[in-house]
Student: 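Attaching a single structure in structure tokens format; questions to follow.
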Amino acid sequence: MSIKILKPAMLTTLVGDGREGFRSFGIGPGGAMDYFAMKVGNYLVGNDHEAVMELGYAPAEFLFQKSSLACITGKGFTIHVDNEIFPLWKPFKIKEGAILKLIKTIPGAWAYLAVHGGWRADEWLGSLTTNLTAKAGGFNGRALKKDDAIEANESKIQIDETKILPWGISANELSGVYSPTNEVRCVLSIETDWLSPLSKDKFLSEQFAVSSQSNRMGYRLQGAALSLSERIEMISSPVDFGTIQLLPDGNLIILMADHQTTGGYPRIASVIKADLPKLAQILPAEKIKFKMISLEEAERELFSEEQKLGEIKMGCHERFKKHFG
Amino acid sequence: MTNLYTITPLNETAVLVSFGNVIEEEINRKVISLHRKLIQEPFEGFIESVPAYSSLAIFYDSIKIKSLAHSHQTSFYFVKGFLEKILEESISVGSEKSRSVLELPVLYDGDDLDFVAQQHQLFRDEVIVLHTSKTYRVFMIGFLPGFSYMGTVDERIVTPRKNSPRTNVPAGSVGIAGMQTGIYPQASPGGWQLIGRTPLKIFDVKKKSPCLFSAGDSVKFYSIDKTEFEKLNEY
């Protein structure tokens with residue numbers, strides 16, 4: 001046994017790289033809400049594509065039943081190990097018997113607990129990530145509960161103390177991903193032109209608050225009601241993580257990691273991939289403002305995000321190798 | 001193939017080829033032909049394509065395409081060019097392989113069977129005869145893992161969705177929504193008019209190919225009684 005859940009967060013699941021290639025069967029990729037934090041969590045403990053534990057919205061508590069190399073990334077939480085404050089975005093050794101607490105403090109929604117070797121997760125259709133609808137992948141296809149014991153995969157490294165390690169991600173590197181917090185960039189999508197001219201203006205000039213009816217499937221927004229130039233009944237068509245749909249009541253919903261593969265509401269814009277981590281971390285009641293950019297810019301942002309992740313991975317793996325030989 | 005289509009970015013990693021905003025078998029054939037063609041002969045960087053009634057989304061690895069491209073053009077531009085070339089080569093719609101018809105048993109005892117019958121001044125048995133008389137096309141799969149949108153039903157049993165969806169529809173339920181018919185692969189909230197249930201698992205996570213249907217398949221229902229249902233019940 002590796003870790004016991006004394007208290008789960010509001011939603012605690014094992015996540016991994018998305019499940020690609022099955023959308024045509026109604027099975028979406030799923031994966032982390034904040035892919036940046038999930039990936040970097042893995043890199044910081046010397047992993048690459050292993051399963052990570054995703055914790056949302058509420059405090060959580062764990063008992064380590066085996067000494068491990070662990071790390072917590074993400075936003076919105078303060079970490080305590082045996083009542084001592086530990087940093088986020090830095091790997092640490094944690095001894096058997098230690099209690100890890102995540103306390104909800106600052107703004108932010110999701111945290112990621114990674115261990116060296118990765119959490120043992122069921123692979124389904126080529127991915128370790130949990131699909132809660134199909135009840136497959138991850139930990140028995142379900143969210144984690146109090147008293148669940150999660151195993152970590154075999155690890156060769158020796159841990160005999162609780163100690164913070166000397167590498168991590170700088171505040172500067174993070175601000176590029178998560179700031180400015182309230183600005184979410186998007187590109188045009190399929191039915192953008194269906195919006196009335198006034199609604200198009202409002203979409204880009206008004207602020208929208210994330211509603212409390214938000215979850216891993218979608219973030220509902222509250223704000224100015226938008227409308228179409230004319231009423232057009234749309235038939236179902238594919239959607240994606242980041243697709244912004246206009247609901248019949250004039251409100252917007254942004255589809256998130258566990259979105260359905262198809263939808264029947266107009267797709268008026270798409271949040272760019274590089275801004276999905278930032279968007280995922282926005283809490284209900286917080287406000288966002290959309291900024292339209294060109295497809296060229298969105299592609300460039302995606303490219304530089306990927307480059308950044310590549311550099312972080314290389315840096316982390318070098319430090320890991322040097323430290324553990 | 002006619003050039004009555006549009007290619008528009010869904011976002012920076014996906015495009016949508018749209019053949020209109022209608023539910024028509026002929027149009028869906030074009031969608032499925034393009035889908036199958038892309039699976040057979042994908043471009044470098046192709047991830048997957050997702051067929052819907054009259055549109056196909058193509059998801060791609062934008063970074064890979066960019067690194068392979070020789071010019072400064074966007075990945076979208078490259079994918080669009082590739083798709084236009086295929087679409088011009090006229091995918092022969094007739095080439096859609098006629099797969100065998102999947103026959104599916106249904107116990108017609110749904111909670112909305114009486115409502116559907118009353119709506120159209122039919123007897124329950126007439127609704128069953130009409131529902132089992134046609135071979136349906138699987139237009140697309142979406143909404144839930146394995147939920148297939150089939151159609152179109154005989155116009156004498158076309159019935160709109162319920163005004164207020166049920167909070168829990170059991171897995172295996174067979175329903176009607178407008179001119180569509182379909183089966184709930186998992187228990188879920190839902191607004192379709194329930195006319196019966198199949199004892200067979202149409203979606204099974206334990207199977208290598210979990211979904212019994214693919215878009216483009218043909219399905220026919222046949223009526224069974226309670227004893228047969230119990231014998232066949234996989235749930």
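These numbers come from a predicted model, not from an experiment. Quick note on labels: first sequence line is chain A, next is B, and so on, each numbered from 1.
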Student: What do you reckon, is CZ of F82(B) surrounded by more than 12 foreign heavy atoms closer than 6.0 Å?
Tutor: yes
Student: Which of the residues I27(A), T261(A), I235(A) is involved in the greatest number of heavy-atom pairs with chain B at under 4.5 angstrom?
Tutor: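 Greatest number of close heavy-atom pairs with chain B: I235(A).
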Student: Just by distance, with hydrogens left out, do S294(A) and E297(A) show a side-chain donor and acceptor under 3.5 Å apart?
Tutor: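 Present: a donor and an acceptor within the cut-off.
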Student: Which class fits the ring pair F221(B) and H131(B): parallel under 30°, tilted 30 to 60°, perpendicular over 60°?
Tutor: parallel
Student: Against chain B, label E233(A) side chain, backbone, both or neither, depending on which of its atoms sit under 4.5 Å from a heavy atom there.
Tutor: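 Looking at E233(A), just its backbone touches chain B.
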Student: Could you check whether R185(A) makes a cation-pi contact with F290(A), meaning its NZ or CZ is under 6.0 Å from the centre of the six-membered ring and within 45° of the ring axis?
Tutor: no
Student: Relative to chain A, which segment of K206(B) carries a heavy atom at a distance below 4.5 Å: side chain, backbone, both, or neither?
Tutor: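 Looking at K206(B), nothing touches chain A.
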Student: Could you give me the CA-CA distance, side-chain angles and deciding distance for K162(B) and D112(B), then say whether salt bridge (Lys or Arg N to Asp or Glu O under 4.0 Å) is met?
Tutor: CA-CA 9 Å; K162(B) 294 179 77 67; D112(B) 302 320; 3.3 Å; yes
Student: Which atoms of Y77(B) come close to chain A, meaning under 4.5 Å heavy atom to heavy atom: side chain ones, backbone ones, both, or neither?
Tutor: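 For Y77(B), neither part sits under 4.5 Å from chain A.
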Student: Taking side chain as everything from C-beta outward and backbone as N, CA, C, O, which of these in V22(B) sits under 4.5 Å from a heavy atom of chain A? Side chain, backbone, both or neither.
Tutor: backbone
Student: Is it the backbone or the side chain of S49(B) that comes under 4.5 Å from a heavy atom of chain A, or both, or neither?
Tutor: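 Contact with chain A: backbone only.
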Student: Contact part of P210(B) toward chain A, heavy-atom cut-off under 4.5 Å: side chain, backbone, both or neither?
Tutor: side chain
Student: For I183(B), which of L200(B), V174(B), L212(B) qualifies under side chain to side chain contact (heavy atoms under 4.5 Å, CB included)?
Tutor: V174(B)
Student: Less than 4.5 Å to any heavy atom of chain A: does that hold for the side chain of F139(B), its backbone, both, or neither?
Tutor: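 For F139(B), neither part sits under 4.5 Å from chain A.
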Student: Indicate yes or no: does R300(A) engage E296(A) in a salt bridge with an N to O separation below 4.0 Å.
Tutor: no
Student: Give the C-alpha distance, both sets of side-chain angles, the deciding distance and a yes or no for salt bridge (Lys or Arg N to Asp or Glu O under 4.0 Å) between R142(A) and D148(A).
Tutor: CA-CA 11 Å; R142(A) 65 165 172 84; D148(A) 277 340; 2.8 Å; yes
Student: Find the one option among A269(A), S270(A), P238(A) whose heavy-atom pairs under 4.5 Å with chain B are most numerous.
Tutor: P238(A)
Student: Does either side chain, that of S236(A) or that of T262(A), offer a donor lying less than 3.5 Å from an acceptor on the other one?
Tutor: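 No, no side-chain donor-acceptor pair sits under 3.5 Å.
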Student: Against chain B, work out which of N131(A), T192(A), L188(A), I272(A) has the most heavy-atom pairs shorter than 4.5 Å and name it.
Tutor: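 Option with the greatest count: I272(A).
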Student: Using a cut-off of under 4.5 Å for heavy-atom pairs, which of A14(B), S18(B), A52(B) has the most such pairs with chain A?
Tutor: A52(B)
Student: Checking L125(A) against chain B: side chain, backbone, both or neither under 4.5 Å from a heavy atom?
Tutor: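 Contact with chain B is through the side chain of L125(A) alone.
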Student: Using heavy-atom distances under 4.5 Å, tell me whether R23(A) contacts chain B through its side chain, its backbone, both, or neither.
Tutor: both
Student: By a 4.5 Å heavy-atom criterion (distance strictly below it), what part of E12(B) contacts chain A: side chain, backbone, both, or neither?
Tutor: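 Both backbone and side chain.
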Student: Quick one: of S75(B), S209(B), A215(B), who has the most non-hydrogen atom pairs under 4.5 Å with chain A?
Tutor: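 Greatest number of close heavy-atom pairs with chain A: S75(B).
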Student: Counting heavy-atom pairs closer than 4.5 Å to chain A, which one of G142(B), A57(B), P145(B) comes out on top?
Tutor: P145(B)
Student: May I ask you to decide whether E54(A) forms a salt bridge with R216(A), counting only side-chain N to carboxylate O separations under 4.0 Å?
Tutor: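 Yes, this pair counts.
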